[in-house]
Chemist: 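Mind looking over this structure? Questions follow.
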Amino acid sequence: MGLQYEVRDGRFHFRCEEHGIFLQDLRPAARYLAGGRSESYRPALPGTTDKILCEPNGDGLQFEFSLAQQRDFAVIHGKLRNLGTASVRMYEVAPLWLPDFGRVAVRGPTREWMIYRNGYQSWTGTRSFAATDIDPAPCFSFVQISVLDPQHLPRQRPGEFRSEIFTAIQHRPTGCTLLAGFLDARTVFPAIEIAVNANHCTQWRAAVDYEGVRLEPGAELILPPLALGCGSDPFALLCAYAELSGQTMEARLAAEKPHGWCSWYYYFTNVDEGAVLENLEHAQQLRGLLRLDYVQIDDGYQADVGDWLDTNSKFPHGMQYLAERIHRAGYGAGIWLAPFLARSTSRLAREHPEWLVKDEEGRPVLALRNPLWGWRACYAVDCTHPDVLEWLQRTIATLTQKWGFDLLKLDFLYAGALPGHRYRKDVTRAAALRIGLEAIRRAAPDTFLIGCGCPFGPAVGLVDSMRIGPDVAPYWSDTISRVILRDLHGVATKHAVRNILSRAFLHRRWWINDPDCLMVRTQSTRLSEEEFRTLATAIALTGGSVVLSDRLALFAQPEVERLRQTLELATDSSATFVDVMCGDFPDILVQSSAEQFSIAIFNPMDTAATKHVDLLRYAPHARSLTHVPEFWTGAILPVRNGVVELGLMPPHSVRVLTVPPV
Ligand code: 9PG
């Protein structure tokens, strides 16, 4: 039984007695500018649930809602109409907003709650927080722009959260969970904003930012539908929500996920033609082991950031030559670019300053300072400029149709949605990004597109795959990731693994999840054996692509063995359960398919910990087992009263128990 809903006393009420979930006395709200006046419209609702037509206000704004049951969710569909005679500029529009006297509660006191906070883009650390925690932002604003939405930085006060597109709140002791999520985020950035006191939410706003877009007389805004659901398995709720929203947004789901090789995590910007050819040659030796679908050249070939068709001197024969060589070796050819970034020194930025997103003073907006590119300012490309769209299509058509690349890794896409002034004034930042991505898709209808550094909604239905976490690195964490990135956001294997787990349910529902690369090397890395296994387990058991990023010439027995084991564990299906609500880092994952049933237990902590797992809780079908094997070590562990003792688990380690499939 799902949430019951009614409209009473002019307000929305949702409740589920079974799970102790109440959303009481909520109202819709809109903020807008009319003739320079800042106004709000927060009407009472008439008492029906199928066509809720609100009283228009003095400026002629009118909300219309309908409530419907869609699968296990109660869904609010809404429209905002301008019946007035003057155009208004819309800012925040919330189908559900909590006035002072309302209440949103989940079973018990908020100190027993966990709140899932989804991040803005691929690299934003995503985890659940205790309701009294602080959601931390990186230290410097030039770092913040590369992982957060500069328009909506976290408030960094205890108990205040903004979760992009969707959220879940769980009463931890009973498991009772409320899920709230918008079903369509393709052209807007919707979010759920929450603040709590001891017993319930004092703020609860499911809102869409229209950023001042005009609503002309007679026109209407269709709000993205908002789904509310409840249950006691938050991961199952998130899966069901991802399924429904993925269908609403017409997600693109490739039949098969490709495996590949990527130059970045061994060569970084030092990649050259010789390195690509060398790896191409050594890739042949992996043939019996790994179905390698593509070889992808990452950052480092371009003359400058923005000038994607000009190659630097490390690639003397140009990129078409390399694409041909890759094809001749029997692989698909992949190439990286950051289509919405231009470095100040690039031909693009110098010849077309009018193509850049501008600030109030007309200066180009800063999009990135990257130490690997010499710290020089990179600017954001204005995807709403008609000449930019033409340039984009020409560039993409050259890379794919002329040069023959079959796969594009589209990076730093957040730049396309940075706040600022654009050529078109009638579109949101999200819509601007989507316009750019649409142009790319038009120019390359059959190319496998991977989004990276990308706000999620605008890419659904356009990319085939999406990076769902920060970059891996040949280390677990470092001072920068711990201090500046607050142990949460940006580059670090720890941060990558956290997001691979916390966003696992999006796989094959919004796209193919890209967990980032696997490094199997045993040299030139600070990752320990345990840390390697943790990364490999997270990648293998969440179903995403396996992409190697090592120098293949250095592969010896240990590397081959690591790869063989990882592939033995790898699956194509989304995880069946991840304890995403347990706090900083999910520590249990279950993968159940026709071929395998695996339970992974993580110790993400910096200290060793004694752990056990209640096998029957996760694998009730394994009742008769007296022993289970641990996948990585081959150790056989006894099952006593349904419990497996894992002993002292070292820091950053994992144990994978494999039981027969259901
Ligand atoms: C290439 C890399 C790889 C990698 C991407 C992305 O803030 N920064 O300076 C920053 C630099 C690199 C980065 C992310 C952020 O990584 O995720 O796989 O393609 O670009 O430059």
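Along the sequence shown, residues are numbered consecutively beginning with 1. Numbering of ligands and ligand atoms starts at 1, following listing order.
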Chemist: Output all residues satisfying side-chain contact (heavy atoms from CB on, under 4.5 Å) with Ala283, sequence neighbours left out; order by chain, then residue number.
Modeler: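 Expected list: Leu292, Tyr331, Leu552.
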Chemist: For ligand 1, which atoms, with element, lie under 4.0 Å from some heavy atom of Arg467?
Modeler: 17 (O), 18 (O)
Chemist: Using distance alone, decide if ligand 1 has a nitrogen or oxygen within less than 3.5 Å of any nitrogen or oxygen in Asp299.
Modeler: yes
Chemist: Side chain, backbone, both or neither: which applies to Phe142 and ligand 1 if a contact is any heavy-atom pair less than 4.0 Å apart?
Modeler: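 Answer for Phe142: neither.
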Chemist: Would Gly453 count as a contact residue for ligand 1, given that I'm defining contact as a non-hydrogen atom of the residue lying under 4.0 Å from a ligand atom?
Modeler: no
Chemist: Quick one: CG on Leu277 to CG on Leu322, what's the gap to the nearest 0.5 Å?
Modeler: 5.5 Å
Chemist: Under 4.0 angstrom from ligand 1, any heavy atom of Phe412?
Modeler: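 Checking ligand 1 against Phe412, which is what was asked, there is a heavy-atom contact under 4.0 Å.
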Chemist: Geometry only, no angles: is Tyr265 polar-contacting ligand 1 at N/O separations under 3.5 Å?
Modeler: yes
Chemist: Out of curiosity, is Leu368 lining ligand 1, as in a heavy atom under 4.0 Å away?
Modeler: yes
Chemist: Are Asp209 and Arg429 ion-paired here, with the side-chain N under 4.0 Å from a carboxylate O?
Modeler: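 Looking at Arg429 together with Asp209, the answer is no, because their closest N to O distance does not fall below 4.0 Å.
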Chemist: How does Cys452 reach ligand 1, by side chain, by backbone, by both or by neither, if only non-hydrogen atoms under 4.0 Å count?
Modeler: side chain
Chemist: Give me the residue, atom name and distance of the protein heavy atom closest to atom 14 (C) of ligand 1.
Modeler: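 Nearest protein contact, heavy atoms only, for atom 14 (C) of ligand 1 is Trp123 CH2, 3.5 Å.
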Chemist: Sequence neighbours excluded, which residues qualify as ring-ring contact (aromatic ring centres under 6.0 Å, His included) partners of Phe161?
Modeler: Phe129
Chemist: Taking atom types as modelled, is there a side-chain donor on Ser477 or Arg482 under 3.5 Å from an acceptor on the other?
Modeler: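 There is such a pair between these side chains.
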Chemist: Let me know which of Trp336, Phe405, Trp391, Phe340 forms a ring-ring contact (aromatic ring centres under 6.0 Å, His included) with Trp308.
Modeler: Trp336
Chemist: In terms of atom number and element, which parts of ligand 1 are under 4.0 angstrom from non-hydrogen atoms of Ser146?
Modeler: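 Per the distance check, 7 (O).
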Chemist: Looking at Thr126, Asp584, Thr493, which one forms a side chain to side chain donor-acceptor pair (under 3.5 Å) with Arg498?
Modeler: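 Exactly one option meets the side chain to side chain donor-acceptor pair (under 3.5 Å) with Arg498, and it is Asp584.
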Chemist: Quick one about Thr345 and Asp304 (side-chain donor to acceptor, distance below 3.5 Å, no hydrogens or angles considered), yes or no?
Modeler: yes
Chemist: Considering only the protein, which heavy-atom contact is closest to atom 19 (O) of ligand 1, and what is its distance?
Modeler: Asp298 OD1, 2.7 Å
Chemist: Considering only non-hydrogen protein atoms, determine which one is nearest to atom 11 (C) of ligand 1 and report residue, atom name and distance to 0.1 Å.
Modeler: Asn370 ND2, 3.5 Å
Chemist: Atom 18 (O) of ligand 1: which of His489, Gln296, Lys409, Arg369 has the nearest heavy atom?
Modeler: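 Looking at heavy atoms only, the winner is Lys409.
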Chemist: Is there at least one pair of N or O atoms, one from Asp471 and one from ligand 1, spaced under 3.5 Å apart?
Modeler: yes
Chemist: Quick check on ring-ring contact (aromatic ring centres under 6.0 Å, His included): which of Phe182, Tyr120, Trp123, Trp511 does Phe456 satisfy it with?
Modeler: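 Testing Phe456 for a ring-ring contact (aromatic ring centres under 6.0 Å, His included) against Phe182, Tyr120, Trp123, Trp511 leaves exactly one candidate, Trp511.
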Chemist: Tell me the protein heavy atom at minimum distance from atom 6 (C) of ligand 1, and give that distance in Å.
Modeler: Asp411 OD2, 3.1 Å
Chemist: Cut-off 3.5 Å, side chains only: do Thr537 and Trp632 have a donor facing an acceptor?
Modeler: yes
